[in-house]
Protein chains: 2
Amino acid sequence: MLSNSSKYAIKAVLFLALNSNEKNKVMVKDISQPINVPQAYIAKLLQALVKEKIISSTRGPKGGFYLDEINLNHSIMNIVNVIDGEKKLNSCMMSLKKCNEEKPCPLHNILSPSRSNILNNLKSKTIKDVIKEVKLGNAFLPL
Amino acid sequence: MLSNSSKYAIKAVLFLALNSNEKNKVMVKDISQPINVPQAYIAKLLQALVKEKIISSTRGPKGGFYLDEINLNHSIMNIVNVIDGEKKLNSCMMSLKKCNEEKPCPLHNILSPSRSNILNNLKSKTIKDVIKEVKLGNAFLPL
DNA sequence: AATAAAATATGATAAAAATCATATTCAAGA
DNA sequence: TCTTGAATATGATTTTTATCATATTTTATT
Ligand code: FES
Ligand code: FES
């Protein structure tokens, strides 16, 4: 469903959402440990996210990664799309060329509603929405 | 979610469900083409399914693969478990060690219900159930 | 300006998944 | 019983994903 890389990226972004802002940037080495992902690995993922403007960064002393207000309003799906590409999640469960309602494969009718639900949630929930649940104590970090 | 191999295996099993029985066995070469999977690849998967008694086979002239009445009552999940192993589908969406309700990760509450729904369907739907929908014209083959 | 501290770009290596290839074994029919 | 046609066992190759490593560029501080 989600690749390892996507999962790691989500963890990192949520960590930044809780622990950074324009004034308090966080270095890779201080991200990799709490989220339990190798530094060189998460560094590469964060760089990709910066390039697509999902997160922010500055280099040099006092530099690091952080989320600004705009970043916080990105959806979880945006993160996944940057890391895994757009089509991974939409493919047919039986590897038909295209998954559609008109000529559904035998698993489509059974599984598609739940999958759509997952996709819609990933699309609609923003970083901000998600960390709100953490702050309310309904979900937990660190990971 | 499902590996390529699992998808291929499901396709092959459904094909057999519709086109074989104890009296009419089907050879790999006559399976691989209609389901659009390379022969050597699907052969290996079918062999794994036979070993776990999800499907049946006999060798030699007039041999081939087929489903008997017992085979038809296996769930789709049984196929997936043989090919992908048991735990792939149950892992946390954010790569926590274990996914649980007591200390859910931030994505758990959002996505877990739909995922459970998918898993329950895969567990409860049998091969026979699924091809019934095909015969009724509610779902389509070939793939 | 020089230095140092950070991200960035780039690419190498390792591990896993997907795919391909073939010698061996078993079963049917001549 | 010999031959032939099928699955089976085994493993090699290729591709993708995951992981690691490092030289370069940018920025703050002295
Ligand atoms: S057609 Fe197969 S999942 Fe939609
Ligand atoms: S704890 Fe992460 S999906 Fe259940």
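Since the model is a prediction, treat every value here as computed from it, not as a measurement.
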In terms of the nearest nucleotide of DNA chain D, which residue is placed more toward the 5' end: B:Gln39 or A:Lys62?
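Mapping each residue to its closest nucleotide by heavy atoms, the 5'-most match is B:Gln39.
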Rounded to the nearest 0.5 Å, what separates atom CG in B:Leu119 from atom OG in B:Ser112?
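Rounded to the nearest 0.5 Å, the CG-OG separation comes to 8.5 Å.
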Nearest 0.5 Å, please: how far is CG in B:Asn78 from CD1 in B:Ile55?
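Here the interatomic distance stands at 13.0 Å.
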Are OP1 or OP2 of [N] and a side-chain N or O of [X] less than 4.0 angstrom apart?
X       : N      : value
A:Tyr8  : D:dT19 : yes
B:Thr58 : C:dA27 : no
A:Ser57 : C:dA6  : no

Touch check for A:Val26, heavy atoms < 4.0 angstrom, all strands: base, sugar-phosphate only, or nothing?
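Sugar-phosphate, backbone atoms only, no base.
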Are B:Leu18 and B:Leu46 connected into the same hydrophobic cluster when the rule is that any two of I, L, V, M, F, W, Y join if their side-chain heavy atoms are below 4.5 Å apart?
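In one cluster with B:Leu46: B:Leu18, yes.
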Treat each ILVMFWY residue as a node, draw an edge where side-chain heavy atoms are under 4.5 Å apart, and state whether A:Tyr66 and A:Leu141 are in one component.
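No; tracing contacts between hydrophobic side chains, which count when under 4.5 Å, never links both residues.
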Among [options], which is the nearest nucleotide to the side chain of [X]?
X       : options                : value
A:Asn4  : C:dA7, D:dT19, C:dA4   : D:dT19
A:Ala40 : D:dA21, D:dT19, C:dC20 : D:dA21
A:Phe65 : C:dA18, C:dA7, C:dA21  : C:dA7
B:Ser5  : C:dT8, D:dT27, C:dA18  : C:dA18

Quickly work out the [X] [atom1] to [N] [atom2] distance and round it to whole Å.
X       : N      : atom1 : atom2 : result
A:Tyr66 : C:dA6  : OH    : P     : 16 Å
B:Lys25 : C:dC26 : NZ    : P     : 17 Å
B:Asp30 : D:dA6  : CG    : C1'   : 12 Å
A:Glu52 : C:dA9  : CD    : P     : 11 Å
B:Leu46 : D:dA9  : CG    : C1'   : 15 Å
B:Tyr41 : D:dA12 : OH    : P     : 19 Å
A:Met27 : C:dA7  : CE    : P     : 7 Å
B:Ile42 : C:dA17 : CD1   : P     : 18 Å

For DNA chain C, whose closest nucleotide is more 5', that of B:Arg59 or that of B:Asp84?
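Final value for this comparison: B:Asp84.
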Take A:Lys44 and A:Gly60, find for each the nucleotide of DNA chain C with the closest heavy atom, and name the residue whose nucleotide sits nearer the 5' end.
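Checking each residue's closest nucleotide, the 5'-ward one belongs to A:Gly60.
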Are there more than 12 heavy atoms of other residues, nucleotides or ligands under 6.0 Å from atom CG of B:Leu136?
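For B:Leu136, atom CG is crowded (more than 12 foreign heavy atoms under 6.0 Å).
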